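Residue indices begin at 1 and follow the sequence shown. As a basis for the values below, the full set of heavy atoms in this structure was taken, side chains included, without hydrogen atoms, waters or symmetry mates. In this text the structure is predicted, and so the values were computed from the model without any measurement.
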Amino acid sequence: MPAARTDDASARRRARALRIAGLYAVTPDLASTEELAARAAAALTGGAAAIQYRNKAADPALKREQARALARVQAIRGGLFIVNDDAALAAEVCADGVHIGSDDLGIDAARDIVGPDRIIGVSCYDDLALAEAAVAAGADYVAFGSFFASPVKPDARRADVALLEQARALSVPVVAIGGITAANAPVLVRAGATALAVITAVFDAPDVEAAARAIANVFPAISFHPA
């Protein structure tokens, strides 16, 4: 790839990564694509900066259908659109990036699939060394958790809030996840979380838009600035 095109792709990826700031809404396992799209739209209207499509129960056909539907919502409502686990699906639906965990493709393999301009986020659990290695390998943001008890992953490893302050030295956006609500969100933001990944407190709320706004409003008007 010519140098100019490489520079353009890197600039697009960097601009996308800078938008990992605020509420990062992660979808629940819903069978209804229509309901999922409506809730995602409400979360974006309420101030979510990003939507991650995550559905551990769906078969490949439903995942493709739902990812395409959320891509249409994102095109209308704005916000970043990230696909969990599946780099090929992220590329297929022209998502802004993919989020991978310890059991998924490695960063290099994911980069080969999504290309140079999409972002790659990595789950680092409670492990700063894992995050350092991920950033060195090209991760555009890192996620830590679970910080609180989570109904989605009740047996998840717990992370210490002090990890967020330590992670600021990585100079990439830092996402906190796990049992986050509007009530406990401020402690994570004060500790250094750039974004808060939330499933239940947003998508299980009777009013998704209001729930999203309550968490989004925890943040000041910020964008990410590396340490």
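A donor-acceptor contact shorter than 3.5 Å is absent between the side chain of S123 and the backbone of Y125. Without hydrogens or angle criteria, R16 side chain to G97 main chain gives no donor-acceptor distance under 3.5 Å. When atom types are taken as modelled, the side chain of D204 and the backbone of A201 share no donor-acceptor pair closer than 3.5 angstrom. Within the 3.5 Å criterion, the main-chain N or O of V174 finds a donor-acceptor partner in the side chain of T194.
When hydrophobic clusters are built by joining Ile, Leu, Val, Met, Phe, Trp and Tyr residues whose side-chain heavy atoms come closer than 4.5 Å, directly or via intermediates, I177 is not grouped with V161. At a threshold of 4.5 Å between side-chain heavy atoms, the hydrophobic network of Ile, Leu, Val, Met, Phe, Trp and Tyr places V208 and L196 in one connected group. Tracing side-chain contacts under 4.5 Å through hydrophobic residues (I, L, V, M, F, W, Y), one reaches V172 starting from L128; they form part of the same cluster. Each of L80 and V114 belongs to its own hydrophobic cluster when Ile, Leu, Val, Met, Phe, Trp and Tyr are linked at side-chain heavy-atom distances under 4.5 angstrom. A single hydrophobic cluster is seen to contain both V187 and V198, as judged by linkage of ILVMFWY side chains at heavy-atom distances under 4.5 Å, directly or through other members.
The shortest non-hydrogen separation linking F147 to A176 is CE1-CB, 3.6 Å. Smallest separation of non-hydrogen atoms from A21 and A49: O-CB, 3.3 Å. Between A195 and F219, the closest heavy-atom pair is CA-CZ, 4.0 Å. Closest non-hydrogen pair, V98 versus A90, comes out as CB-CB, 4.1 Å. Considering all non-hydrogen atoms of both residues, F148 and G179 come closest at CB-O, 3.7 Å. Between A167 and F144, the closest heavy-atom pair is CB-CE1, 3.5 Å.
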N/O donor to acceptor pairs below 3.5 angstrom from side-chain atoms of residues 136-143, sequence neighbours left out:
residue, atom, partner, partner atom, Å
D140, OD1, R13, NE, 2.9
D140, OD2, R111, NH2, 3.1
D140, OD2, I120, N, 2.8
Y141, OH, Y24, OH, 2.6
Y141, OH, H99, ND1, 2.8

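Within the model, atoms CG of L105 and CG of D86 stand 8.5 Å from one another, a figure rounded to the nearest 0.5 Å. Taking CD1 of I180 as the start and OG of S150 as the end, the distance is 9.0 Å to the nearest 0.5 Å. With rounding to the nearest 0.5 angstrom, the CD1 atom of I51 is 9.5 Å from the CD atom of Q74. Separating the OG1 atom in T27 from the CD atom in Q52 is a distance of 7.0 Å, to the nearest 0.5 Å. We find the NZ-CZ distance between K63 and R54 to be 9.5 Å, quoted to the nearest 0.5 Å. For the atom pair CG (D29) and CD (Q66), the distance works out to 9.0 Å, reported to the nearest 0.5 Å.
Sorted by first and then second residue, the salt bridge (Lys or Arg N to Asp or Glu O under 4.0 Å) pairs with a member in residues 122-136 read D126-R157; sequence neighbours excluded. Under the salt bridge (Lys or Arg N to Asp or Glu O under 4.0 Å) criterion, the residue pairs touching residues 76-85 are K56-D85, with sequence neighbours excluded.
Under the side-chain contact (heavy atoms from CB on, under 4.5 Å) criterion, A37 pairs with V73, sequence neighbours left out. In this view, E209 and R213 satisfy the side-chain hydrogen bond (donor to acceptor under 3.5 Å, both in side chains) rule, not counting sequence neighbours. With sequence neighbours left out, the side-chain contact (heavy atoms from CB on, under 4.5 Å) criterion links A61 to D59. Listed by chain and number, the residues in a side-chain hydrogen bond (donor to acceptor under 3.5 Å, both in side chains) with S32 amount to none (sequence neighbours excluded). Partners of R39 according to the side-chain hydrogen bond (donor to acceptor under 3.5 Å, both in side chains) rule, which considers only residues two or more places apart in sequence or in another chain, are E35. Here A162 pairs with D160, Q166 under the side-chain contact (heavy atoms from CB on, under 4.5 Å) rule; sequence neighbours left out. For R72, the side-chain hydrogen bond (donor to acceptor under 3.5 Å, both in side chains) criterion is met by no residue, not counting sequence neighbours.
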Pair I107-I100, side-chain contact (heavy atoms from CB on, under 4.5 Å): steps then yes or no = CA-CA 8 Å; I107 294 172; I100 58 177; 4.0 Å; yes
message = Set out, in order, the CA-CA distance, both residues' side-chain angles and the distance that settles side-chain contact (heavy atoms from CB on, under 4.5 Å) for I119 and I20, then state yes or no.
response = CA-CA 10 Å; I119 59 178; I20 303 290; 4.0 Å; yes
message = Determine whether E92 and R68 satisfy the following criterion, side-chain contact (heavy atoms from CB on, under 4.5 Å), listing intermediate values before the conclusion.
response = CA-CA 9 Å; E92 179 184 333; R68 287 173 175 169; 3.0 Å; yes
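Hydrophobic side-chain contacts under 4.5 Å tie V93 into a cluster, directly or through other members, with L30, L36, Y53, L70, F81, V83, L89. Summarising the hydrophobic clusters (Ile, Leu, Val, Met, Phe, Trp, Tyr; side-chain heavy atoms under 4.5 Å, direct or chained), the residues clustered with L62 are none.
Counting heavy atoms from C-beta outward, P173 and R19 have side chains that stay 4.5 Å or more apart. Contact of the L188 side chain with the L164 side chain is registered, since non-hydrogen atoms from C-beta on lie closer than 4.5 Å.
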